[in-house]
Structures are given as structure tokens and as C-alpha cells.
Amino acid sequence: MKALTFILLLLLATCSTGGMRCASPSAEGLELPAYDASEDIVVHLGYTASYNHTTLIPDWVAWELTAEEAGGMNDGQYSFSRDPEVKFPKASREDYANSGWDKGHMAPRADMKWSCQALEESYYFTNICPQNHEMNSQAWRKIEELTRRLALRYGSVYVVCGPVVGTGRYGTIGKAGVQVPDAFFKALAVNTPDGYRTVGFLVENSRQDGSPRRYAMTVDSVESVTGRNLFPSLPEVSEASFDWNDWK
DNA sequence: CGGCCCTAATTT
DNA sequence: AAATTAGGGCCG
């Protein structure tokens, strides 16, 4: 235990004195939600995910977005592909083709432009869910853009998001049977002198074009929908309220 | 207008 | 099966 603490302190010291930021996922893992041993946790350079082999989509995807990363410069077109870190991945391009549903990124492509590897890994199906096109390109995108602005403002944002399968009323797509979620959740946390500040979002997987405020709620509310403890590692974190003035 | 979210058709 | 090309709508 002592050795582990020492290593963590060393990592922290290295990051802060070197004038550079750790690559996401953060060395501290503060963005990670609570999870148990039955989950298939996949760690990539830019994000950590829990891949669900029944729904064929992630249960959650988490990453830290720093100000430096939010202004990333790499670009290029990558193709959606199966994740080499996942054993027996089933979802494929064919399942989504002509389904009417977008191949929606959980960790956004635009958050991964700080590294070619991170960018490529964002196209793994581990990070992809069927999303309504209007929702993905409008309401969800606005929340993603807001998150990048927050990273620039606060220096770093912890992000966790994923599908809410709910009743599964949209069924599945493709031969593999990829689950179409009822909705999507996203939770953000930033560090402030007064402790960690959080906000959550919940967006139905239907035509949604509103501004982020319309979908905002407390992280406690998001947890009551997902049934999962979010940001369990953050000390002095407030999840029972939020002030939209801090987030707009 | 560029950036971002993509799709579908075509070529290899 | 994958890479290339062309195209579309919204936002700041």
C-alpha cells in the first residue's frame, strides 16, 4: 500500500513539474464510474470503456479531457472497426448500414485529435452506439462542444457517458443484434477550489435539437436513471445540485 | 466559412 | 472488407 501511494505521488509529481499533462485516461482514474468484476473493461489511450457483450455496445465510456487535448491538431479519416482489445467482438459496420441509426461516438472524435492512436481507437465499436441522427448531430453535439469549452476554461474535465437501454423499445439492428438505446447519459466533473463540481445530462434517443440546458440535471438524478455510482473516486464532490451559471 | 456530426456510393 | 470520394445540415 505504501509503495502504491509512492508511485501515485511520483506520477503526480512527474506530470505537474514536467509542464505537461498526463494522457487520458488520467493516471488517477478519477473519471471512472463504479463497476464490478463481471464487466469487460477495455483501456485505450484516450478512454476507458465497459463493453457489454449482450447489448454489443458499451455500458459506459469514461475519459479525462484536458485543455491541451481539446485543442488537438491531428486529423484524418479513420474507419469504424472492431476493437482488437475485445475478445469476440460482434458489432460491425454491416449492422449499422442502412439501419437508419448513426454510428454515434461516446468519446467524441473531436476529443481525440491530440493523438493519431487515440483518434483511431475512438472509431472502435467499443466506443460506438446507435444514435438518432438529429440527436447526435444537434443536441448531443452541443453537449460535446460545451464539454470542450469547459476543458479549455477549467483545464480539465472528467467525463463519463453511455447508453440508457431502458425498455429497449427501439429493438436491435443488424444480424448481430446491436441494441438501440432509449436514451444517453453524460456526467461532467471539474475541479475547483471549493471541491469538485458536477453536472449531468440525459437525452432521449429521438429527434432532439435543444440546447444543453434543456437536458441538464444533477448527477444524482443521472445515477437514479442509470443505477450506477458515478465519480465514486472524487473527494468532496457535490452531486446533489448544480448551478447552470457554472456550466453555460 | 470552417468544424463537427455523419451517410452512401464508388473504387480497390 | 476497406479505403476513397462526394455530399448534407447545423452551429459559432
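Scope of the values below: all heavy atoms of this structure, side chains included, with no hydrogens, waters or symmetry mates. In what follows, chains carry the letters A, B, and so on, assigned in the order in which the sequence lines appear, proteins first and then strands, with residues in each chain numbered from 1.
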Can you give one letter per nucleotide of nucleotides 2-12 of chain B, going 5' to 3': B for a protein heavy atom under 4.0 Å from the base, S for sugar-phosphate only, - for none? -BBSSSS----
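In summary, contact between chain A and DNA chain C, defined as any nucleotide atom under 4.0 Å from a heavy atom of the protein, begins and ends at dA2(C) to dC11(C) in the 5' to 3' direction.
With sequence neighbours left out, W101(A) forms a ring pair (Phe, Tyr, Trp, His ring centres under 6.0 Å) with Y170(A). In this view, Y215(A) satisfies the ring pair (Phe, Tyr, Trp, His ring centres under 6.0 Å) rule with no residue, not counting sequence neighbours. Residues passing the ring pair (Phe, Tyr, Trp, His ring centres under 6.0 Å) test with Y123(A), sequence neighbours excluded: F80(A), H105(A).
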Steps toward side-chain hydrogen bond (donor to acceptor under 3.5 Å, both in side chains) verdict (S156(A), E64(A)): CA-CA 7 Å; S156(A) 168; E64(A) 180 194 13; 2.5 Å; yes
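Checked by atom type, the side-chain pair S206(A)/Q208(A) shows a donor-acceptor distance below 3.5 Å.
Here R141(A) does not pair with D209(A) in a salt bridge; the nearest charged N to carboxylate O distance is not below 4.0 Å. Using a 4.0 Å cut-off between charged nitrogen and carboxylate oxygen, R149(A) and E145(A) do not count as a salt-bridge pair.
Against DNA chain C, the stretch residues 83-94 of chain A makes heavy-atom approaches under 4.0 Å through R93(A).
Contact check for C161(A) versus W63(A): side-chain heavy atoms found under the 4.5 Å cut-off.
In this structure, Y35(A) places its OH atom where only 12 or fewer heavy-atom neighbours from other residues, nucleotides or ligands lie under 6.0 Å away.
Summarising the geometry, atom CE belonging to M135(A) is positioned 7.0 Å from atom CD1 belonging to I143(A); distances are rounded to the nearest 0.5 Å.
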